[in-house]
Amino acid sequence: MASQPRINSTLVTVIRMAKLSKSFASGGSQKVYHFVHNQNRPDKAYTTDRAQKKGKANAASGKIFVTIPSDHFGPIPSENDPERNQGVLVGECWEDRLECRQWGAHFPHVAGIAGQSSIGAQSVVLSGGYQDDEDHGEWFLYTGSGGRDLSGNKRTSKDQSFDQKFEKSNKALQVSCAKGYPVRVVRSHKEKRSSYAPEKGLRYDGVYRIEKCWRKVGIQGFKVCRYLFVRCDNDPAPWASDEHGDRPRPLPAISELKKATDITERKEGPSWDFDVKDSRWKWAKDPPTSKKPVEAQDSTGKRTRIKIRQSHNMSVQEKLLKEFSCLICREVMSLPITTPCAHNFCKSCLEGAFVGKTFLRERKTGGRALRSQKNVLTCPCCPTDISDFLQNLQVNRELLDVIETLKSKIEEEKLCEEEEIDEEEENDEDGDENEGKGKDESNSPVETRKRAKVVDDLE
DNA sequence: CTTTGAGTAGAT
DNA sequence: ATCTACTCAAAG
């Protein structure tokens with residue numbers, strides 16, 4: 001630990017929140033930002049122990065820097081970029097798909113389409129994987145995914161063996177077409193046939209709308225889904241010398257439409273449209289509401305539940321308390337343990353994660369026992385070997401105290417509130433469904449008792 | 001240059 | 001839990 005000290009990010013977050021709430025209370029009007037629990041990943045993508053072979057495709061993604069959920073549509077604005085406060089700008093470049101993912105431009109790290117069939121598609125990558133693609137810069141023809149037999153380990157097969165259909169990601173793109181959503185577009189250096197592709201890495205080129213989609217028989221003889229993307233960004237394209245972004249332009253003439261089937265055209269007004277008065281592209285209708293937590297995953301693959309809360313929903317203490325959640329069970333920690341790599345878990349959860357695992361491994365060669373070898377046991381959140389630490393788990397008493405104090409404070413507050421609650425009835429304004437907030441288990445008196453008893457037992 | 005095989009995250 | 005995916009680096 002001394003040679004490689006780790007910052008306890010949970011504490012960092014809570015302390016910052018506590019400070020912010022203090023300055024808020026003392027009068028300064030302040031914008032409330034969402035706090036994202038994404039700190040458990042390193043700044044760069046890394047390779048886990050299991051991933052013996054190197055290669056970024058086998059790597060776990062690093063920290064997500066932006067505070068958008070993975071189903072966020074449209075440009076990524078500065079308010080979702082706490083790191084730099086500038087948002088993701090048109091023309092930004094990244095080394096590889098994982099880095100691109102970290103800035104939220106395109107989340108899937110292999111797939112070319114980000115989307116959900118019931119919601120729509122948020123972004124695509126032009127990466128040269130499909131021969132039928134045709135890039136004209138301000139507009140391009142994109143091919144759907146699928147139609148290939150990827151059984152076994154044929155990740156790279158480019159041979160189509162069946163027809164594409166409007167399902168899954170292809171359906172998602174179709175929804176974005178029908179609704180007129182802005183779709184973020186990333187170009188990859190791997191698209192060799194396009195003169196608009198970057199020389200290396202990936203580049204964010206702004207948002208496009210899918211004006212039409214259809215199916216046709218592709219170059220390989222099977223049907224492919226086709227999408228006409230037309231640029232509609234407020235910033236000029238990286239290759240353009242324009243001083244301003246796009247203006248609405250007439251659709252290009254597409255000759256293949258003559259042979260097209262299953263044509264989808266937008267019937268309603270587009271959600272993202274050019275406002276003539278403002279001379280800007282903007283949401284003409286409300287963007288779809290996010291159904292996902294702000295992105296953050298731990299390295300075990302379990303989902304980190306990110307709670308986005310409005311400040312008026314919870315008292316400061318409640319918000320602080322929520323930050324002390326176990327990285328395994330996601331509940332407020334009971335008997336908190338802090339690992340040398342600065343991750344926090346309930347004692348029972350951490351023990352549970354290693355049930356059946358032994359500290360030593362027997363080694364036998366031809367019947368003769370060799371000296372047993374130490375087993376590597378990695379932290380559930382990162383690749384650090386914590387086997388030594390596991391041998392003698394010590395509860396983080398300071399943390400436990402803070403948690404207990406917060407709980408009792410909240411309890412006091414609850415009691416006070418109940419006396420005044422009747423008068424406040426009509427000020428109720430609903431609207432956001434961010435999270436089933438508030439009155440859950442951890443705040444009940446019974447639970448507090450139980451915790452208090454645990455503390456006694458510990459003594 | 002092409003081929004190979006790996007782990008990962010998201011959708012379903 | 002299972003399947004899919006416009007990756008990536010190393011090897012052939």
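Note that the structure is predicted; figures quoted are calculated from it, not measured. Below, chain A is the first sequence line, B the second, and so on; all start at residue 1.
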Closest nucleotide among C:dC6, B:dT12, B:dT8 to the A:S145 side chain
C:dC6
Short question: side chain of A:R226, backbone of A:K212 - any donor-acceptor pair under 3.5 Å?
no
Any side-chain heavy atom of A:R84 sitting closer than 4.5 Å to one from A:W103?
yes
Do the side-chain N or O atoms of A:S169 get closer than 4.0 angstrom to the phosphate oxygens (OP1, OP2) of C:dA5?
no
Salt-bridge contact A:E211-A:R266 (side-chain N to carboxylate O under 4.0 Å):
yes
Within this structure, what is the CG-to-C1' distance between A:L173 and C:dC6, rounded to whole angstrom?
13 Å
Starting at atom NZ of A:K192, determine the distance to atom C1' of C:dT7, rounded to an integer number of angstrom.
14 Å
Distance in angstrom units between A:H109 NE2 and B:dA11 P, rounded
13 Å
So the stems of DNA chain B, runs of at least three Watson-Crick or G-U pairs (under 3.5 Å), are B:1-6 with C:7-12, B:8-12 with C:1-5
If you measure from NZ on A:K171 to CD1 on A:I119, what distance do you get to the nearest 0.5 Å?
13.5 Å
Give the rounded distance in Å between these two atoms: NZ of A:K291 and P of B:dG10.
18 Å
Rounded to whole angstroms, how far apart are CG on A:D96 and P on C:dA5?
21 Å
For the pair made of CD1 in A:I64 and C1' in B:dG10, what is the distance, rounded to whole Å?
12 Å
Give the ring-plane orientation class for A:W94 versus A:Y204, where under 30° counts as parallel, over 60° as perpendicular and anything between as tilted.
tilted
Would you call the rings of A:Y227 and A:F229 parallel, tilted or perpendicular, where under 30° means parallel and over 60° means perpendicular?
perpendicular
For DNA chain C, whose closest nucleotide is more 5', that of A:K168 or that of A:R97?
A:K168
Please determine whether a side-chain nitrogen or oxygen atom of A:K292 lies at a distance below 4.0 Å from atom OP1 or OP2 of B:dA11.
yes
In this structure, how many angstroms lie between the C1' atom of C:dT7 and the CG atom of A:L98, rounded?
8 Å
To the nearest angstrom, the CH2-P distance between A:W94 and C:dC6 comes to 19 Å
Spatial distance of atom CZ (A:R215) from atom CG (A:N170) [nearest 0.5 Å]
9.5 Å
Give a yes/no answer on whether the side chain of A:R101 brings an N or O atom under 4.0 Å of OP1 or OP2 in B:dG10.
yes
Is A:K200 salt-bridged to A:E95, going by a charged N under 4.0 Å from an acidic O?
no
Do A:S194 and A:D135 meet the criterion of a side-chain donor-acceptor pair at a distance under 3.5 Å?
yes
Within residues 125-141 of chain A, residues whose heavy atoms come under 4.0 Å of DNA chain C:
A:V125, A:L126, A:S127, A:G128, A:G129, A:Y130, A:D133
Under 4.0 Å: is that the gap between some side-chain N or O of A:K190 and OP1 or OP2 of C:dT7?
yes
